[in-house]
Protein chains: 2
Amino acid sequence: MNTAYHHGDLRRALIDAAVEAIGETGTGALSLRAVAKRAGVSHAAPAHHFGDKAGLLTAVAAEGFDRFADALEGVWEATGDFAEVGVAYVRFAIDNRAHFEVMFRPELTHQDDPELRRAAARSGAVLDRGADRTDTEGDALGYRPAALAAWSLVHGFAELAIAGNFSPEVMADPEAALREIARKLRFD
Amino acid sequence: MNTAYHHGDLRRALIDAAVEAIGETGTGALSLRAVAKRAGVSHAAPAHHFGDKAGLLTAVAAEGFDRFADALEGVWEATGDFAEVGVAYVRFAIDNRAHFEVMFRPELTHQDDPELRRAAARSGAVLDRGADRTDTEGDALGYRPAALAAWSLVHGFAELAIAGNFSPEVMADPEAALREIARKLRFD
DNA sequence: TCCATAACTTGACAGTGTCAAGTTCTAGTC
DNA sequence: GACTAGAACTTGACACTGTCAAGTTATGGA
């Protein structure tokens with residue numbers, strides 16, 4: 001089966017190879033040809049499955065959003081604690097840097113791709129659902145300040161952690177630090 | 001003076017051209033040769049001043065951190081209100097997307113560049129100074145939860161706003177939204 | 001006036017994404 | 001079981017990229 005043609009599931013293999021490569025060298029240094037080589041196929045094989053480079057990254061982002069939604073949903077259903085959803089948010093970001101990086105960098109992907117939109121919407125829904133309970137005000141504003149605050153806090157923590165802006169003390173146990181921080185957020 | 005050689009202040013012109021180009025197409029699509037063309041010089045001229053592409057972006061980041069520190073310091077000295085420093089943080093991010101993007105993407109720059117380190121340290125100092133007042137706990141932890149919370153909240157808001165993740169209602173007046181959100185943060 | 005050196009150019013190289021055209025396999029029909 | 005349409009992949013080419021080595025031109029000080 002491992003003949004030259006018909007890899008079996010090249011699409012999957014290419015996504016995995018891309019995630020691997022991004023994990024090692026970041027999105028900036030990502031090369032489609034290197035991804036192809038990693039998967040053992042010719043340099044133009046990715047284009048056949050994904051159209052172009054952004055297409056491949058779009059698939060990575062969509063997969064990321066789906067796994068992200070799974071993780072958040074799981075924690076929300078298990079604990080019913082929105083703060084724990086926040087912890088899961090940063091845990092996902094740190095454990096899946098490659099996916100996370102692509103998910104929140106719109107210029108890398110085809111933002112209008114239906115698969116991507118669907119997966120991203122799933123993630124958004126989980127966050128909204130959790131936030132609804134605590135948010136009583138804000139209908140006049142057109143947005144929910146408490147939800148925005150929680151999202152910003154958690155997302156900022158994740159980005160700063162990933163970018164290496166935090167001290168070793170914080171990075172020694174990021175989840176503990178986030179729990180400490182989340183206590184500063186009061187909804188009344 | 002505007003002869004082929006000795007542009008006058010090509011270094012400046014190249015930084016400006018880079019910021020312009022990033023503002024139009026993002027860091028991903030930034031081309032050193034396009035920057036050179038924009039400044040009216042040969043394709044290898046940037047390398048002479050900055051060594052390589054990361055060198056140019058390092059200069060952009062350093063300039064960004066200096067202006068950032070100026071802006072934050074100005075607001076802090078004028079108002080003494082740390083929440084207003086936060087507003088200035090996101091205003092800078094939105095008004096200077098190109099600089100901001102490069103400042104917080106370490107893989108784009110030479111992280112060990114002394115100029116960059118100095119400028120980044122300046123920004124850090126302003127944020128620390130403002131946070132000190134409100135932060136009484138945390139010495140045992142090795143970090144200050146209140147300061148971390150404020151930084152995460154503000155940085156996350158800025159990143160999400162820039163990446164286009166917020167609704168039109170929020171983006172209609174981001175500063176108002178941030179002020180609303182910041183009220184959720186209580187230090188006691 | 002001379003000349004060391006800074007400022008920039010020219011030309012080349014390997015690597016990149018993308019496209020068009022070719023090849024090889026698979027699956028379904030007769 | 002042979003035939004064929006189309007999917008899966010390769011090959012080769014193109015323009016563009018960052019970087020380097022070598023060349024050219026200007027400047028400022030002795």
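Excluded from the calculations below are hydrogen atoms, water molecules and symmetry mates; all remaining heavy atoms, backbone and side chain alike, are included. Sequence lines set the chain letters: A, B, ... in the order given, protein chains first and strands last, and positions in each chain run from 1.
Using the six-membered ring where Trp is involved, B:Phe82 and B:Trp76 have ring planes that are perpendicular, over 60° apart on the 30 and 60° scheme. Note: B:Tyr89 and B:Phe68 have perpendicular aromatic rings, judged against thresholds of 30 and 60 degrees for the angle between ring planes. Taking the six-membered ring where tryptophan is involved, the planes of A:Trp151 and A:His155 are perpendicular, since the angle between them exceeds 60° and thus also 30°.
Taking atom CG on B:Leu56 and atom P on D:dT17, their separation rounds to 15 Å, with Å as the unit. Rounding to whole angstrom units, NZ of residue A:Lys37 and C1' of D:dT10 are separated by 15 Å. Atom-to-atom, CZ of B:Arg11 to P of C:dC8 comes out at 12 Å; the value is rounded to the nearest Å. Put simply, CG on A:Leu10 is 10 Å from P on D:dA8, counting in whole angstrom units. The distance from atom NE2 of B:His48 to atom P of C:dT5 is 14 Å, rounded to the nearest whole Å.
Of the residues in residues 97-110 of chain B, none has a non-hydrogen atom less than 4.0 angstrom from any atom of DNA chain D.
Defined by atom type and a distance below 3.5 Å, a donor-acceptor pair is present between the side-chain atoms of B:Glu101 and B:Thr27.
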Contact state string [nucleotides 10-20 of chain C, B base, S sugar-phosphate only, - no protein heavy atom under 4.0 Å] = BBB---SBBB-

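Within 6.0 Å of the CZ atom in A:Arg118, the count of heavy atoms belonging to other residues, nucleotides or ligands exceeds 12.
The ring of B:Phe166 has its center closer than 6.0 angstrom to the ring center of B:Phe157.
The closest donor-acceptor contact from the side chain of A:Ser152 to the backbone of B:Gly156 lies at 3.5 Å or more, if one exists at all.
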Which side-chain N or O atoms in residues 42-53 of chain B pair as donor and acceptor under 3.5 Å with protein atoms at least two apart or in another chain?
unit_1: B:Asp52; atom_1: OD1; unit_2: B:Gly55; atom_2: N; d: 2.9
unit_1: B:Lys53; atom_1: NZ; unit_2: B:Leu30; atom_2: O; d: 2.9

